[in-house]
Amino acid sequence: MNKIFSGIRPSGKLHLGHYFGAIKNWVALQDNPESEQAIFAVVEYHGITTPFNPKTYHQQVMDSVLDYLAAGINPEKSLLIRQSKIPEHTELAWIFNTITPVSWLDRLPTYKEKLEQAPKYNNVGLLDYPVLMAADILIYKSNLVPVGEDQMPHIDLANEIAKKFNHMFGQTFEPVKAFLAEGARIMSLQEPTKKMSKTGDEALNLMDEPDTVREKIKKAVTDSGKEIKFDEENKPAISNLLTIHSLLSGKEIKKVEEEYDGKSYVDFKKDLAEVVVGFLKPFQEKRKGFESNSDQVEEILTKSEEKAKIIASSNLAEIKKKMGVF
Ligand code: AMP
Ligand code: TRP
């Protein structure tokens, strides 16, 4: 039996990359009979380690919650929580800080990348980011963590910390495994050799209006040559669009290629836009339903957070006792 935990920073609108790279797996795992516990978090304390806007931050958190619910996180099966509402996460992070050598942290590629993006935002929290992530996972004694491949160094670190804790204070944590999304990297519409991320016309957001979707796909870059053929190396742009088509329509890439044999990029893009619009429609309707029912959403969060708190505080008590802090 598995205990699942995952989180996403509330740093912007969710896009198709998030859906296929992360949330789709969350939903699959929540529905898997092998899962005995599934907890999904909006990790606000991770989000503040990089530049953010305090005026809009609360709204971003609530937007993320609505996105998760609309994407299929089912409060009957999973707990949906805000990290900051369960202070045991940060308390365990402090404990882990005292057993984590700085040299495990300042060599991590994610730390270096974030520093490059915002060199002035060089704060201790950014260095410590993966320790808090280890605490998020281990406070619930979770053992299976659905994430993208970029998060592997953090999962390795969580295991190092768990091992060291077990060694110093007695067996407490089981090994943690990453659950990686298979072949679901969605690339930018503007620069198809980079992954789709949060800015401008490069991402198809889950909440984009039909006309915005049509416009973004129309403007998406294409490769030279007319053929609609999957070839990631030489035709990264059309390969990405084919991947998106295939994931959304459920048709194999080969089948989509056949359908568009001899047709133009313009035809393909027009149809792709409608596939995306159709895919997003039920998601957007579901989201509007939750949006107009904020009491229900508040109740889902409060109930989840109460249950999560019970697990977290019981585990933290055990951890502190082992360390003589009680
Ligand atoms: P981030 O917004 O970078 O914190 O990503 C949150 C989660 O979504 C991580 O598990 C990422 O690996 C995944 N993710 C983000 N962008 C993409 C993408 N373009 N394709 C696939 N997965 C993605
Ligand atoms: N670091 C993760 C990311 O950037 C977000 C995250 C925080 C997380 N805590 C976590 C993911 C715990 C999985 C488990 O995507």
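The structure displayed is predicted, hence computed values, not measured ones.
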### Query
Once you round to the nearest 0.5 Å, how far does CG of L204 lie from OH of Y19?
14.5 Å
### Summary
So the salt bridge (charged side-chain N to carboxylate O under 4.0 Å, His left out) pairs with at least one residue in residues 95-114 (sequence neighbours excluded) are none
### Task
Starting at OG1 of T243, measure out to CZ of R185 and round the result to the nearest 0.5 Å.
11.5 Å
### Message
For N205 and H15, which I'm curious about, is there any donor-acceptor pair between the side chains at under 3.5 Å?
### Response
no
### From K85 atom NZ to S304 atom OG, the distance as rounded to the nearest 0.5 Å
13.0 Å
### Query
Got N123 and Y129 here, is their nearest side-chain heavy-atom distance under 4.5 Å?
no
### Message
Suppose we screen for side chain to side chain contact (heavy atoms under 4.5 Å, CB included). Which residues come up paired with V275, at least two apart in sequence or across chains?
### Response
H245, L248, S249
### Query
Judged by atom type as modelled, is there a donor-acceptor pair below 3.5 Å linking the side chain of K216 to the main-chain atoms of A203?
yes
### Side chain proximity check, L132 to T49, heavy atoms < 4.5 angstrom
no
### Message
Main chain of Y140, side chain of Q37: is a donor-acceptor contact present, judged purely on distance under 3.5 Å?
### Response
yes
### Test item: S239 side-chain N/O and D231 main-chain N/O as donor-acceptor pair under 3.5 Å
yes
### Message
Can you confirm whether K141 is buried at NZ, in the sense that more than 12 heavy atoms of other residues, nucleotides or ligands lie under 6.0 Å from that atom?
### Response
yes
### Query
So which pairs with a foot in residues 34-61 pass salt bridge (charged side-chain N to carboxylate O under 4.0 Å, His left out), sequence neighbours left out?
none
### Query
Looking only at atom types and distance, does a side-chain atom of S142 sit under 3.5 Å from a main-chain N or O of I137, one as donor and one as acceptor?
yes
#### Entry: I300 vs L69 side-chain heavy atoms within contact, under 4.5 Å
yes
### Query
Are L189 and V221 co-members of a hydrophobic cluster defined by side-chain heavy atoms under 4.5 Å apart?
no
### Charged N-O contact under 4.0 Å between K164 and E160
no
### Message
Between V277 and L241, is there shared hydrophobic-cluster membership here, with clusters defined by ILVMFWY side-chain heavy atoms closer than 4.5 Å?
### Response
yes
### Message
Just to verify, what does Q171 make a side chain to side chain contact (heavy atoms under 4.5 Å, CB included) with, not counting sequence neighbours?
### Response
N166, E174
### Query
Nearest 0.5 Å, what's the CG-CZ distance between D67 and F290?
11.5 Å
### Task
Inspect the contact between D63 and R287 and indicate whether a charged nitrogen and a carboxylate oxygen are less than 4.0 angstrom apart.
yes
### Message
Using a 6.0 Å distance limit plus a 45 degree cone around the ring axis, check whether K263 lies over the aromatic ring of Y260.
### Response
yes
### Query
Going by atom types only, do S264 and K226 share a side-chain donor-acceptor pair under 3.5 Å?
no
### Query
Does K77 NZ have over 12 foreign heavy atoms under 6.0 Å away?
yes
### Partner residues of E88 under the side chain to side chain contact (heavy atoms under 4.5 Å, CB included) criterion, sequence neighbours left out
I86, I139, K309, A312, S313, L316
### Query
Any salt bridge between K194 and E202, counting N to O under 4.0 Å?
no
### Message
Whether the side chain of N2 engages the backbone of S35 through a donor-acceptor N/O pair (distance < 3.5 Å, no angle test) should be reported.
### Response
no
### Query
Does any N or O in the side chain of T50 come within less than 3.5 Å of the main-chain N or O of I48, such that one atom is a donor and the other an acceptor?
no
### Task
May I ask whether I310 and L79 are part of the same hydrophobic cluster, defined by side-chain heavy atoms of I, L, V, M, F, W, Y residues being less than 4.5 angstrom apart, directly or through others?
no
## Note on the structure
Distance col, row F230:CZ vs I253:CD1, nearest 0.5 angstrom, shows 4.5 Å
### Query
What about M187 and L272, same hydrophobic cluster or not, with Ile/Leu/Val/Met/Phe/Trp/Tyr joined at side-chain heavy-atom distances under 4.5 Å?
no
### Task
Ignoring hydrogens and angles, state whether a donor on the side chain of D128 or N97 is under 3.5 Å from an acceptor on the partner side chain.
yes
### Message
Main chain of L242, side chain of S246: is a donor-acceptor contact present, judged purely on distance under 3.5 Å?
### Response
no
### Query
When the ring centroid of F165 is compared with that of F173, is the distance short of 6.0 Å?
yes
### Message
Using a 3.5 Å distance criterion without hydrogens, assess whether the side chain of N240 forms a donor-acceptor pair with backbone atoms of P192.
### Response
no
### Query
Is any side-chain heavy atom of N122 closer than 4.5 Å to a side-chain heavy atom of Y111?
yes
### Message
Can you confirm whether more than 12 heavy atoms, excluding those of E149, are under 6.0 Å from its CD atom?
### Response
no
### Task
Using the rule that two of Ile, Leu, Val, Met, Phe, Trp, Tyr join whenever any of their side-chain heavy atoms come within less than 4.5 Å, decide whether L92 and M168 are in one cluster.
yes
### Query
Is there side-chain contact between V65 and L80, with at least one heavy-atom pair below 4.5 Å?
yes
### Query
Side-chain contact, heavy-atom cut-off 4.5 Å: T110 with P153?
no
### Query
Is it true that E76 and K303 have a side-chain N and a carboxylate O under 4.0 angstrom from each other?
no
### Query
Are any of the side-chain heavy atoms of F52 and Y121 separated by less than 4.5 Å?
yes
### Query
Taking only residues at least two apart or on different chains, which pairs with a member in residues 264-282 satisfy salt bridge (charged side-chain N to carboxylate O under 4.0 Å, His left out)?
R214-E274, K281-E285
#### Entry: Minimum side-chain heavy-atom gap I39-I4 below 4.5 Å
no
### Query
Would you say the side-chain atoms of T212 pair up with the backbone N or O of D208, donor to acceptor, closer than 3.5 Å?
no
### Query
So, for Y45 and H89, is the gap between ring centers shorter than 6.0 Å?
no
### Donor-acceptor under 3.5 Å (S188 side chain, M196 main chain)
no
